[in-house]
Protein chains: 2
Amino acid sequence: MLGERIRDAGLKVTEPRLAVMRALESRPHADADTVFGAVRGELPGTSIQAVYGVLAALATAGLLRKIEPAGSPARYELRTGDNHHHVVCSGCGALEDVDCVVGHAPCLIPSADSGFSIHTAEVTFWGLCPACQASQDSH
Amino acid sequence: MLGERIRDAGLKVTEPRLAVMRALESRPHADADTVFGAVRGELPGTSIQAVYGVLAALATAGLLRKIEPAGSPARYELRTGDNHHHVVCSGCGALEDVDCVVGHAPCLIPSADSGFSIHTAEVTFWGLCPACQASQDSH
DNA sequence: GCACTTGTTTTGAGTGATTCAAAACAACCA
DNA sequence: TGGTTGTTTTGAATCACTCAAAACAAGTGC
């Protein structure tokens, strides 16, 4: 099934690609290094460059989405195509999904676009996760 | 006047700091390297580390805002405190201001916050700037 | 005005995340 | 089963930025 999705996207089905997708299934929002660790577990000998290559290929194919929050390495998720948003913890970098607020994008149409033809709107919330709130209170 | 703003923020007024602010006045959304180039023009001998230090100090003091769009070096702007947003050109990285859409943030309150205490909402639009649209059409 | 304290900048080096390139390799088609 | 084309490995490099110690200078109080 993962294999089909990869093939349907016009890509060759390889072990590293399957391993990366499997890693992201159980680790949403993992960064490249975390994915690398997971992949290396079941497929030793895989290089970090291969992981970057796979992530880039799958992202281009639309099978995964790359998230690049300020101040932390890029994160990857399999949930694509529904333009949901994210909350990032400014304390520890924890990242969670946030479903689009008002149902659908009133906020996704800028008033003046400076002549740009806009294709995406990205919303990121910043805050403190429960754990970081707790450690801040006791301080 | 720039000096006063710096002093009022509790910082010492120095030439590098004045030069950085002047550079950003005429170059909104410049990156560190661009600022460095401008500063070096009027104050040779300034180091790039000083520029990074100044930018960090002024950002912490609230005198400037750091913008970190995916895929390009951090950009800096003097326009702070009004939580406006940005459009980024996915072709060339050009960046422009976008005033907040619906007047005030309906989109800035997520439906479910996963227990995070949110302090900021950031909206980034991605699209093609007029120049990149043109070069794409003729292609 | 002058010394002093504290915050800044310089100088020099290092790091993390990611990318580039060439050669070895393996999917998939015929 | 062979050939072609896309992938991965191996090895190296780059970019943007940070760290640390020493030299220096703003701004305070005398």
Side-chain angles (χ1 to χ4, degrees), chain A residues 2-21 23 29-40 42-61 63-64 66-76 88 92-93 95, chain B residues 2-23 29-40 42-61 63-64 66-76 88 93 95:
Chain A
L2 282 183
E4 280 171 48
R5 292 178 56 197
I6 295 175
R7 191 183 336 265
D8 290 351
L11 296 171
K12 289 182 179 172
V13 180
T14 67
E15 275 311 319
R17 284 175 179 175
L18 291 168
V20 164
M21 292 198 79
H29 312 128
D31 62 14
D33 209 59
T34 301
V35 171
F36 177 51
V39 167
R40 199 179 35 184
E42 56 178 76
L43 207 66
T46 307
S47 66
I48 181 79
Q49 291 90 328
V51 170
Y52 276 109
V54 168
L55 290 169
L58 297 180
T60 303
L63 293 178
L64 59 81
K66 183 180 187 179
I67 313 159
E68 302 178 66
S72 62
R75 316 281 271 269
Y76 301 87
V88 184
C92 66
L95 199 158
Chain B
L2 281 183
E4 280 171 49
R5 291 178 56 196
I6 294 174
R7 191 183 335 265
D8 290 351
L11 296 171
K12 288 183 179 170
V13 180
T14 67
E15 275 310 319
R17 285 174 179 175
L18 291 167
V20 164
M21 290 198 80
R22 264 183 253 120
H29 311 129
D31 61 16
D33 209 58
T34 302
V35 171
F36 177 51
V39 167
R40 200 178 34 185
E42 57 180 73
L43 207 66
T46 307
S47 64
I48 180 80
Q49 291 89 329
V51 170
Y52 276 111
V54 168
L55 290 170
L58 297 181
T60 303
L63 294 177
L64 59 79
K66 183 178 186 181
I67 313 158
E68 303 177 68
S72 62
R75 316 281 270 270
Y76 301 86
V88 185
L95 198 158

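It should be emphasised that the depicted structure is a prediction, and the values quoted were computed from it without experimental measurement. Proteins get letters first, then strands, A, B, ... in listed order; numbering begins at 1 in each.
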Undergrad: Do B:His29 and B:Ile67 come close enough that some side-chain heavy atom pair is under 4.5 Å?
TA: yes
Undergrad: Please tell me if A:Arg17 has a side-chain N or O lying less than 4.0 Å from either OP1 or OP2 of D:dT8.
TA: yes
Undergrad: Return the CG to CG distance between A:Leu43 and A:Leu18, rounded to the nearest 0.5 Å.
TA: 9.5 Å
Undergrad: Please list, pair by pair, any protein nitrogen or oxygen found under 3.5 Å from a nitrogen or oxygen in nucleotides 22-25 of chain C.
TA:
none

Undergrad: Please step through side-chain contact (heavy atoms from CB on, under 4.5 Å) for the pair A:Val54 and A:Val51, ending with a clear verdict.
TA: CA-CA 5 Å; A:Val54 168; A:Val51 170; 5.7 Å; no
Undergrad: Specify the separation, in whole Å, of atom CZ of B:Arg40 and atom P of C:dT10.
TA: 13 Å
Undergrad: If you compare all heavy atoms of B:Val39 against all heavy atoms of B:Ala23, which two are closest, and at what distance to 0.1 Å?
TA: CG2-CB, 4.5 Å
Undergrad: What's the separation between atom CG in B:Leu2 and atom CZ in B:Arg22, rounded to the nearest 0.5 Å?
TA: 7.0 Å
Undergrad: Base, sugar-phosphate, or nothing: which does B:Ala74 touch, judged by heavy atoms less than 4.0 Å apart?
TA: sugar-phosphate
Undergrad: Kindly compute the distance separating CD (B:Glu42) from CD (B:Glu15), expressed to the nearest 0.5 Å.
TA: 8.0 Å
Undergrad: Pairs under 3.5 angstrom, nitrogen or oxygen only, protein versus nucleotides 3-6 of chain C, please.
TA:
| unit_1 | atom_1 | unit_2 | atom_2 | d |
| --- | --- | --- | --- | --- |
| C:dT6 | O2 | B:Lys12 | NZ | 3.0 |

Undergrad: Enumerate the protein-to-nucleotides 11-14 of chain C contacts in which both atoms are nitrogen or oxygen and the separation is below 3.5 Å.
TA:
| unit_1 | atom_1 | unit_2 | atom_2 | d |
| --- | --- | --- | --- | --- |
| C:dG12 | N7 | B:Gln49 | NE2 | 3.4 |
| C:dG12 | O6 | B:Gln49 | NE2 | 2.9 |

Undergrad: Can you tell me the distance, in whole Å, between the CG atom of B:Leu43 and the P atom of C:dT8?
TA: 16 Å
Undergrad: Expressed in angstrom and rounded to an integer, what is the separation of B:Arg75 atom CZ from D:dC17 atom P?
TA: 11 Å
Undergrad: What are the residues of residues 3-10 of chain B, sorted by number, that bring a heavy atom to within less than 4.0 Å of DNA chain D?
TA: B:Arg7
Undergrad: Enter the distance from A:Arg17:CZ to A:Arg5:CZ here, rounded to the nearest 0.5 Å.
TA: 14.0 Å
Undergrad: If I take atom CZ in residue B:Phe36 and atom P in nucleotide D:dA16, what distance separates them, rounded to the nearest angstrom?
TA: 14 Å
Undergrad: Suppose we screen for side chain to side chain donor-acceptor pair (under 3.5 Å). Which residues come up paired with B:Thr14, at least two apart in sequence or across chains?
TA: none
Undergrad: To the nearest Å, give me how far apart CG (B:Leu55) and C1' (D:dA16) are.
TA: 13 Å
Undergrad: Can you work out whether A:Gly53 or B:Pro73 has the more 5'-proximal nearest nucleotide on DNA chain D?
TA: A:Gly53
Undergrad: Donor-acceptor check, side chain of A:Arg75 to backbone of A:Pro69, threshold 3.5 angstrom: yes or no?
TA: no
Undergrad: Specify the separation, in whole Å, of atom CG of A:Asp33 and atom C1' of C:dG16.
TA: 10 Å
Undergrad: Given atom CD of A:Glu15 and atom P of D:dT7, what is their separation to the nearest angstrom?
TA: 15 Å
Undergrad: Hey, is the side chain of A:Thr14 poking within less than 4.0 Å of OP1 or OP2 on D:dG6, counting only N and O atoms?
TA: no
Undergrad: Between A:Leu11 (CG) and C:dC28 (P), how many Å, whole number?
TA: 10 Å
Undergrad: So does A:Tyr52 get a side-chain nitrogen or oxygen closer than 4.0 Å to the phosphate oxygens (OP1/OP2) of C:dT18?
TA: yes
Undergrad: Give me the bend of the helix from C:dG1-D:dC30 to C:dA30-D:dT1, using the axes of the five pairs at each end, rounded to 10°.
TA: 30°
Undergrad: How long is the span from the CE atom in A:Met21 to the CG atom in A:Leu64, to the nearest 0.5 Å?
TA: 6.5 Å
Undergrad: Quick one: are B:Ile48 and B:Asp33 in side-chain contact, heavy atoms under 4.5 Å?
TA: yes
Undergrad: Just verifying a value: how many Å separate B:Ile6 CD1 and B:Leu63 CG, rounded to the nearest 0.5 Å?
TA: 7.0 Å
